[in-house]
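What follows is one structure encoded as structure tokens, with my remarks underneath.
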Amino acid sequence: MRFNTKLLHQNYGPDEKTGASLTPIYQSTSFSHSAEEMENIFKGSEYGFTYTRINNPTIEAFERRIASLENGIGAVACSSGMAAITLAILNILKTGDEILSSSGIFGGTYELFKDFENFGITVKFAKDNSIDAFKESITNNTKLIYIETIGNPKLDVPDIKSLSVLAHENKIPLIVDNTVTTPYLIRPIEMGADIVIHSTSKFINGHGNSIGGIIVDSGKFNWDFNKYSMLKKFEKYGQFAYLAKLRKGLFRNIGACMSPFNAYLNNLGLETLGIRMERLCQNAYELAVFLKEFDKVLSVNYPGLKESPFHDIAKRQFGDKFGAILTIRVGSKEKAYKMINSLKYATNITNIGDTRTLIIHPSSTILAESSDEEKKFMGVFDDLIRICVGLEDIEDLKEDFKQAIDRL
Ligand SMILES: *Cc1c(COP(=O)(O)O)cnc(C)c1O
């Protein structure tokens, strides 16, 4: 089955009881069973739904579809992308452990990693994306490597295959945030990643109507239960140990589940992921090439452009598609503001992966809490604008950007 057919048919069928063509919204907190059944479900010898904080048919339909698209053995849907990142990491780490992260990561994740420091989990950032930079930062306490497929908003592209080899040589898992690329561009598990996470609020939902996140496990990582001692209790689940620990442990106990209604909207949005991504990538490429022609645009950063230092690795990993996000520099904060306020079709919003073109000034918003040095490290400058291209007709976008640039 190919990608678009998979989106519509894999792990999908009419509702068994009613024939409803879409998975219904089971907006119910709990599910009733006989006393014996209930015991068996809690014991794990029988499968069933009990309480929506643990599992739910609408949410499970979404989890199964994402797990199969990412070639994982299972998935856990969460209340947000941040919840997914938090749970994916805390499921296996404890005080004294270290995370090794790429530097160009999403601002929210960067802030979360600072929060982890309060719990005694240290985060080290590789100074660039070279394997050597990661290698020199690994210590005996490093318990995972964390990267994004395309750093947001730095738009750098780490080499997933090489980093997975490095991680596995050190007997630690590689966790990859695939939000920006989605399984349409890349399935990190095929390249050696162990755990994939998404903010489903973005391209997967696709219409800006539901905050959500998801964790997918490849089931391939060979956990050392002495090193990852909190998984020991779940050893009996074999390759499902990580997912069992999540579902029966931290995920259940912290209570960051997705709502059934949001899962319904995500299931619906997911069906058009392929055609949306195809159009978004095409629009982003055309806009990037168009913006390069203006003297007032000092630089255009997009992995799809040949001059991007990450073009070759992006091409190797993603093929001929490079995502919907580009950044430009226009010379000053004032000019950036003027441009943002002059655009008709690009909405100034702190989000990506919507149907409409979205634009933001990251330095004064997403990274407002960060120091100048931190911003520079994350590739953010005062005159930088992030553009997440939408599904509009490209000629309209070009006209709109042209009139806004002419006013600078
Ligand atoms: C938005 C985003 C997140 C956080 O997701 P939320 O759903 O907003 O909590 C994490 N990673 C990346 C790359 C993102 O773009």
Side-chain angles (χ1 to χ4, degrees), residues 59 62 66 70 75-90 99 101-116 123 125 129 146-158 160 175-186 188 193 195-216 251 254-259 262-263 265-266 269-270 273 277 280 284 303 310 314 318 322-327 349-354 358-360 362 365-367 369-370 378-380 386-390:
I59 301 169
F62 179 58
I66 297 289
E70 287 285 12
V76 173
C78 305
S79 54
S80 69
M82 293 316 304
I85 297 167
T86 306
L87 293 171
I89 291 174
L90 295 186
I99 297 168
S101 170
S102 58
S103 60
I105 56 169
F106 174 68
T109 309
Y110 188 80
E111 292 295 320
L112 171 72
F113 285 176
K114 282 200 249 172
D115 289 330
F116 281 173
V123 183
F125 291 96
N129 272 326
Y146 185 92
I147 58 170
E148 292 177 4
T149 48
I150 301 180
N152 167 15
K154 199 175 187 177
L155 306 184
D156 55 341
V157 181
I160 298 177
I175 301 189
V176 179
D177 181 339
N178 192 18
T179 302
V180 167
T181 29
T182 82
Y184 179 71
L185 264 71
I186 186 172
I195 303 203
V196 172
I197 66 108
H198 282 278
S199 163
T200 60
S201 324
K202 316 291 171 55
F203 299 96
I204 286 182
N205 169 282
H207 301 76
N209 60 43
S210 302
I211 296 287
I214 198 158
I215 305 165
V216 184
F251 166 75
I254 284 190
C257 63
M258 184 174 276
S259 89
N262 285 2
L265 291 171
N266 290 336
L270 183 61
L273 178 67
M277 286 306 288
L280 292 174
F310 301 103
F318 314 140
F322 303 93
I325 303 175
L326 56 142
T327 62
I349 272 183
T350 171
N351 189 21
I352 55 170
D354 204 338
L358 312 177
I359 195 161
I360 195 143
T365 55
I366 306 165
L367 296 172
E369 305 297 323
S370 305
M378 286 185 279
V380 171
R386 183 185 76 189
I387 305 160
C388 187
V389 175

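Atoms considered below: every heavy atom in the structure, side chains included; atoms not considered: hydrogens, waters and symmetry mates. Atoms within each ligand, like the ligands themselves, are counted from 1 in listed order.
How far CG of L265 is from OG of S259: 8.0 Å, rounded to the nearest 0.5 Å.
Under the side chain to side chain contact (heavy atoms under 4.5 Å, CB included) rule, R386 has a single partner from V380, I352, L326, T365, which is I352. Applying the side chain to side chain contact (heavy atoms under 4.5 Å, CB included) test between I66 and each of I215, I214, V76 identifies I214 as the sole match.
A search for side chain to side chain contact (heavy atoms under 4.5 Å, CB included) contacts involving S79 returns A83, A256, not counting sequence neighbours.
K202 forms a cation-pi arrangement with F106, by the criterion of a distance under 6.0 Å to the ring centre and an angle within 45° of the ring axis.
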As a test of reading the model: which N/O atoms of the protein lie under 3.5 Å from N/O atoms of ligand 1, and at what distance?
residue  : atom   : partner : partner atom : Å
ligand 1 : 5 (O)  : S199    : OG           : 3.0
ligand 1 : 7 (O)  : G81     : N            : 2.9
ligand 1 : 7 (O)  : S199    : OG           : 2.8
ligand 1 : 7 (O)  : S201    : OG           : 2.6
ligand 1 : 9 (O)  : G81     : N            : 3.0
ligand 1 : 9 (O)  : M82     : N            : 2.9
ligand 1 : 11 (N) : D177    : OD2          : 2.7
ligand 1 : 15 (O) : N152    : ND2          : 3.4
ligand 1 : 15 (O) : K202    : NZ           : 2.8

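Of the possible donor and acceptor atoms, one in the side chain of T179 sits under 3.5 Å from a partner among the backbone N and O of S199.
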